[in-house]
Protein chains: 2
Amino acid sequence: MLEWLKEPEINFPDQLQHAGFEHGVCVGQIQAKAGLTQSTVSEYLSILQRAGFIEAKRVGQWTYYKRNEGAFEALSKLIQSNL
Amino acid sequence: MLEWLKEPEINFPDQLQHAGFEHGVCVGQIQAKAGLTQSTVSEYLSILQRAGFIEAKRVGQWTYYKRNEGAFEALSKLIQSNL
DNA sequence: TTGGTATATCGGGAAAAGTCGATATATTTG
DNA sequence: CAAATATATCGACTTTTCCCGATATACCAA
């Protein structure tokens with residue numbers, strides 16, 4: 001999922017029909033691609049959010065998730081320096 | 001454990017009594033510091049080895065483990081580029 | 001306000017990971 | 001070879017993680 005969110009236009013072309021990608025990709029799109037249930041994907045995304053890897057933005061009935069690139073940079077550096 | 005192995009001299013001073021650190025740190029030393037059973041530590045180290053993060057060197061009855069810095073560098077870069 | 005759609009949360013069962021004691025293997029020493 | 005020491009492997013149990021269906025919540029539209 002994290003990789004998918006790097007290129008929303010390529011990985012979630014269907015979303016164009018009701019929105020752009022300014023705020024990220026909505027849960028339903030990710031769920032369809034993941035092939036897991038809605039509840040599983042929702043929970044998974046919220047875990048990634050709490051971990052800081054993605055950010056959520058509620059717009060109407062949709063919740064859009066997008067990557068927080070800073071977190072990946074930070075993790076990469078942490079592995080370099082601390083680990 | 002991976003952090004401990006960055007500075008063997010500091011984290012495993014007892015090992016000096018029977019060996020240096022050329023080949024790394026032996027299982028018993030790591031086990032004592034970890035506070036887990038011998039079998040758990042042995043299995044854990046072999047998992048880390050299979051994953052490529054550490055290398056094993058058998059010398060007599062001892063097995064010494066040391067970090068494979070390249071693996072950490074690679075992981076760090078992988079997070080930067082692929083993830 | 002009622003019904004429809006999107007997402008979140010909850011409780012539970014299945015799968016995986018963590019940890020242990022017992023035992024096997026390898027090596028050294030007497 | 002026998003005993004002692006260090007490590008590895010095995011089987012079982014416990015804990016955690018994964019994933020689901022059911023249900024709750026939030027928002028929108030008629």
Side-chain angles (χ1 to χ4, degrees), chain A residues 1-5 8-9 11-68 71-72 75 79 83, chain B residues 1-5 8-9 11-68 71-72 75 79 83:
Chain A
M1 291 182 194
L2 294 172
E3 288 184 2
W4 293 343
L5 291 174
E9 304 80 0
N11 292 303
F12 304 98
D14 293 358
Q15 179 163 317
L16 284 170
Q17 297 172 1
H18 76 274
F21 296 105
E22 320 79 72
H23 303 117
V25 181
C26 69
V27 180
Q29 294 291 318
I30 300 171
Q31 190 226 321
K33 194 173 175 80
L36 297 169
T37 64
Q38 185 272 324
S39 63
T40 298
V41 173
S42 176
E43 187 186 358
Y44 191 11
L45 289 170
S46 84
I47 290 170
L48 288 174
Q49 184 198 5
R50 285 197 297 278
F53 290 109
I54 57 179
E55 296 167 354
K57 167 87 176 178
R58 182 101 197 197
V59 178
Q61 43 191 339
W62 294 281
T63 305
Y64 295 94
Y65 286 97
K66 68 176 175 184
R67 290 166 57 97
N68 173 14
F72 295 90
L75 177 58
I79 288 170
L83 206 66
Chain B
M1 291 182 194
L2 294 172
E3 289 184 1
W4 293 343
L5 290 175
E9 303 81 359
N11 293 303
F12 304 98
D14 293 357
Q15 180 163 316
L16 284 171
Q17 296 172 3
H18 76 276
F21 296 105
E22 320 78 73
H23 303 119
V25 181
C26 69
V27 180
Q29 294 291 318
I30 299 171
Q31 189 224 321
K33 194 172 175 81
L36 296 169
T37 64
Q38 185 272 322
S39 63
T40 297
V41 173
S42 175
E43 189 185 356
Y44 190 10
L45 289 171
S46 85
I47 290 171
L48 288 174
Q49 184 198 3
R50 284 196 299 277
F53 291 110
I54 57 179
E55 296 167 353
K57 167 87 175 177
R58 183 100 196 199
V59 177
Q61 44 190 338
W62 293 280
T63 303
Y64 296 93
Y65 286 96
K66 68 174 175 186
R67 292 166 55 97
N68 174 13
F72 294 91
L75 177 59
I79 288 170
L83 207 66

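Everything numeric in this text was worked out from a predicted model, so none of it was measured. All heavy atoms count here, side chains included; hydrogens, waters and symmetry mates do not. Numbered from 1 within each chain, the chains take letters A, B, ... in sequence-line order.
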Between Leu48(B) and Tyr65(B), is there a side-chain heavy-atom distance shorter than 4.5 Å? no
Chain B reaches DNA chain C, atoms under 4.0 Å from its heavy atoms, from dT19(C) to dT28(C)
Residue pairs involving residues 47-62 of chain B (criterion side chain to side chain donor-acceptor pair (under 3.5 Å); sequence neighbours excluded): Ser46(B)-Arg50(B)
Atom NZ of Lys66(B) and atom CD of Glu22(B): how far apart are they, to the nearest 0.5 Å? 9.0 Å
Distance-minimising heavy-atom pair for Ala19(A) and Tyr64(A): CB-OH, 3.4 Å
Note: contacts of residues 21-33 of chain A with DNA chain D (heavy atom, under 4.0 Å) are none
Output the rounded distance in Å from CD (Gln15(B)) to C1' (dT7(D)). 14 Å
Heavy-atom side-chain contact between Phe72(A) and Leu2(A) under 4.5 Å: yes
With sequence neighbours left out, write down each residue that passes side chain to side chain donor-acceptor pair (under 3.5 Å) with Ser42(B), or none if nothing qualifies. none
Looking at DNA chain D, which of residues 35-54 of chain A put a heavy atom within less than 4.0 Å of it? Leu36(A), Thr37(A), Ser39(A), Thr40(A), Glu43(A)
Do Gln29(A) and Pro8(A) come close enough that some side-chain heavy atom pair is under 4.5 Å? no
To the nearest angstrom, how far is Gln61(B) atom CD from dA3(D) atom P? 17 Å
Measure OH/Tyr64(A) against P/dA26(D) and give the value in whole Å, please. 19 Å
Examine distances only and state if a side-chain atom of Gln31(B) and a backbone atom of Thr40(B) form a donor-acceptor pair shorter than 3.5 Å. no
Tell me, please, which residues at least two apart from Ala71(B) pass side chain to side chain contact (heavy atoms under 4.5 Å, CB included). Phe53(B), Asn68(B)
So do Leu5(A) and Asn11(A) actually touch side chain to side chain, heavy atoms under 4.5 Å? no
